[in-house]
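The structure appears right after this line, and notes come after that.
Positions are given from 1 along the sequence.
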Amino acid sequence: MAAARTPAAGGELPGQGDPALADFPAEAPGTRRWCFADQLGPHFLDAPDQPVLLVESRAVFRRRRFHRQKAHLLLSALRHRAVELGDQARFLQTGTYAEALDQVGEPLSVCAPTTWPARDFVLRRAGVTVLEARGFVTRQADFRRWAAGRSRQRLLMDDFYRVARRVHDVLMDGAEPVGGTWNLDSDNREPPPADGRVDAPAPWWPVEDEIDEEVRADLDRWAADGDVSFVGDDGPRLFPVTAAETEERLADFLTHRLRAFGPHEDAMLTADPWLAHSMLSAALNLGLVDPADVVHRADAAYRESVRRGDPLPLNSVEGFVRQVMGWRDWSWHLYWQLGRDYRHGNALAASAEVPDWFADLDADAVDANCLSHVLADVRERGWVHHIPRLMVLGNYGLQRGIRPLALTDWFHRVFVDGYDWVMVANVVGMSQHGDGGVLATKPYAAGGAYIDRMSDYCSGCRYDPRKRLGEDACPFTAGYWAFLDRNRERLAGNRRMRQPLAGLGRLADVAAVVEQEALRGTGAP
């Protein structure tokens, strides 16, 4: 049985409110387990027949303007779980979590939630025993032990990932990594294939059912009543909402798509948004599958392929494992390790708001092919893979000086796999350099040349990625130099920025470029 503890005075626990540190009292046998909507897999229960509480809170959707498909996915997953559990679950549909708990009238246990506000709520709620967090490969207490004595700048993903591989025995050959190399990312940066297609079949797709229809009707009614508002297009549902559907997608990926995953995982293609990505992020973040099982399944698939004499490419397998037990776990742990104030980081003093056309996913207002296409993909599906997020959407926000916290909230709302813990580290830190270099040693700013090399977006675009000045100047190329000029003093001490800043100093037309981009601002390019 998982350990638990009750809150200290004021609702805080040692280690910035982390209920995963040591002295957890035992949970009473048979206690009903409250499972949040991102804790829907069987690994969040201690016994197959444990009584469960599920709560559907309307207030979640009133507070923020979510993507329509994200709202549908969350509610569909929650209601599917309620049906699966039958009489084992008490399913309450209320305005708020507090209203639901007032109706329960019995002791509850809950696995520590994934956000600061939710943890604060459960820690201060009488009659709720908070258990150690689940849904990640590495426990929080173990991460804290690893992080002890390290400065913020030394909480390096690659160091953490190596330890996790050893501890959990994933892709290991004794004490050494399989193949002799820990990280094969350098093999996974190839541009898109010349024919515009990655050699992988389309992902397995779920089939909607009557629960999906019921959710869609409720969302229609709530929107018509003015109770909630959404952004983005409606269905069909593209992501799993049950453990069984997640197994279908995982098995399909391991069998048919993992082989092609690695080399082109950073590519961007107009006609192929999926490439060979696993499409498992939403299911993982709903808690439908244990990520430890996912990485061990990938390890087993690799070893079986070697035994058959037809080995899966190690760079594909390692790259996928690194995404799940490396980057995903690391982002989660940093959310807690770096504390509540990390989300407010704004080292580059960005002050612009998210423009309306961006917030509304108005791809039709944008002439720049890359940005228009990516916004259209988000509008249509609530999902794009990590490179369009970082190097198109995030790059735009970074260059235009959009406030990191505002952009974080936007990513949280419009992506089906977006949660606060996901986006704070990835947007404030990785994408917007708001932490001044804790997650990334230099800003992820790039001109149009990068997008041209890694995609087919620039073909036929009205802008020329080689030009920084004039009517056909690429907004990313010109924006890159304007970004450097605006931040030259802030970045002067960064050794990885010496060469770009030296290049800026050699530009004879930098003043004209800066003036041009100031006029462009955050208007739709």
Side-chain angles (χ1 to χ4, degrees), residues 20 114 133-189 250 253-254 258 261-263 265-266 277-278 280-281 284-285 289-303 312-338 342 385-387 389-390 417 421-426 429-431 435 437-442 444:
T114 57
R134 304 184 188 181
F136 298 87
V137 181
T138 298
R139 296 170 61 243
Q140 285 190 271
D142 294 336
F143 183 87
R144 287 197 179 279
R145 279 191 287 272
W146 172 81
R150 292 172 178 254
S151 69
R152 287 160 65 102
Q153 281 72 23
R154 294 301 303 170
L155 299 172
L156 302 179
M157 195 283 291
D158 205 52
D159 290 353
F160 162 71
Y161 170 60
R162 293 184 185 202
V163 172
R165 287 263 299 272
R166 289 191 182 102
V167 168
H168 298 282
D169 193 26
V170 176
L171 292 180
M172 295 298 297
D173 186 5
E176 298 299 320
V178 170
T181 303
W182 290 101
N183 186 322
L184 294 168
D185 187 49
S186 60
D187 295 337
N188 291 354
R189 301 173 185 169
L250 174 59
F253 172 70
L254 295 176
L258 177 56
F261 167 68
E265 67 170 286
D266 287 0
H277 288 274
S278 72
L280 285 165
S281 58
L284 281 163
N285 293 351
V289 62
D290 189 336
D293 291 341
V294 171
V295 295
H296 284 295
R297 290 271 298 275
D299 182 309
Y302 173 75
R303 296 180 190 277
L312 290 165
L314 185 56
N315 61 308
S316 289
V317 182
E318 187 278 321
F320 174 65
V321 165
R322 181 162 21 91
Q323 282 189 340
V324 177
M325 71 181 297
W327 193 268
R328 180 178 183 271
D329 261 36
W330 186 63
S331 297
W332 150 260
H333 289 300
L334 288 185
Y335 178 81
W336 302 100
Q337 181 73 17
L338 298 176
Y342 179 84
H385 73 78
H386 63 286
I387 294 300
R389 299 188 201 202
L390 179 64
D417 55 7
W421 68 265
V422 177
M423 296 307 176
V424 167
N426 280 282
M430 184 71 175
S431 171
D435 61 10
V438 175
L439 266 74
T441 54
K442 72 178 185 68
Y444 270 83

**OP:** Taking side-chain hydrogen bond (donor to acceptor under 3.5 Å, both in side chains) as the test, write out the residues that go with Tyr302, two or more places apart.
**Re:** none
Subject >> Those residues that, when tested against Glu265, pass salt bridge (Lys or Arg N to Asp or Glu O under 4.0 Å) (two or more places apart) >> reply: none
**OP:** Could you tell me which residues satisfy ring-ring contact (aromatic ring centres under 6.0 Å, His included) with His386, sequence neighbours excluded, listed by chain and number?
**Re:** His277
Subject >> Donor on one side chain, acceptor on other, Asn188 and Asn315, under 3.5 Å >> reply: yes
Original post:
Is there side-chain contact between Met172 and Val178, with heavy atoms separated by less than 4.5 Å?
Top reply: no
Subject >> Distance-minimising heavy-atom pair for Leu284 and Val289 >> reply: CD2-CG1, 3.6 Å
**OP:** Quick one: list whatever passes ring-ring contact (aromatic ring centres under 6.0 Å, His included) with Trp146, sequence neighbours left out.
**Re:** Phe143, Phe160
Original post:
For Asp293, which residues count as a salt bridge (Lys or Arg N to Asp or Glu O under 4.0 Å) partner, sequence neighbours excluded?
Top reply: none
Subject >> Shortest non-hydrogen contact between Trp332 and Ala133, atoms and distance >> reply: CZ2-CB, 3.7 Å
Original post:
Can you list every side-chain hydrogen bond (donor to acceptor under 3.5 Å, both in side chains) pair that touches residues 165-177, not counting sequence neighbours?
Top reply: Tyr161-Arg165
Original post:
Listed by chain and number, what are the side-chain contact (heavy atoms from CB on, under 4.5 Å) partners of Ala440, not counting sequence neighbours?
Top reply: Met430, Tyr444
Original post:
Excluding sequence neighbours, so at least two apart, what forms side-chain contact (heavy atoms from CB on, under 4.5 Å) with Asp299?
Top reply: Val170, Leu171, Arg303
Original post:
When rounded to the nearest 0.5 angstrom, what distance separates CG in Leu439 from CG in Leu338?
Top reply: 7.0 Å
**OP:** Please name all residues satisfying ring-ring contact (aromatic ring centres under 6.0 Å, His included) with Tyr342, sequence neighbours left out, ordered by chain then number.
**Re:** none
**OP:** For the pair Arg152 and Asp435, find out whether any cationic side-chain nitrogen is under 4.0 Å from an anionic carboxylate oxygen.
**Re:** no
**OP:** Just jot down the salt bridge (Lys or Arg N to Asp or Glu O under 4.0 Å) partners of Arg328, sequence neighbours excluded, or say none.
**Re:** none
**OP:** Go through the structure and list residues passing salt bridge (Lys or Arg N to Asp or Glu O under 4.0 Å) with Asp185, not counting sequence neighbours.
**Re:** Arg189, Arg322
Subject >> pair Thr114-Tyr335: side-chain heavy atoms closer than 4.5 Å >> reply: no
Original post:
Taking only residues two or more places apart in sequence, or in another chain, which ones meet Arg297 in a side-chain hydrogen bond (donor to acceptor under 3.5 Å, both in side chains)?
Top reply: Glu247
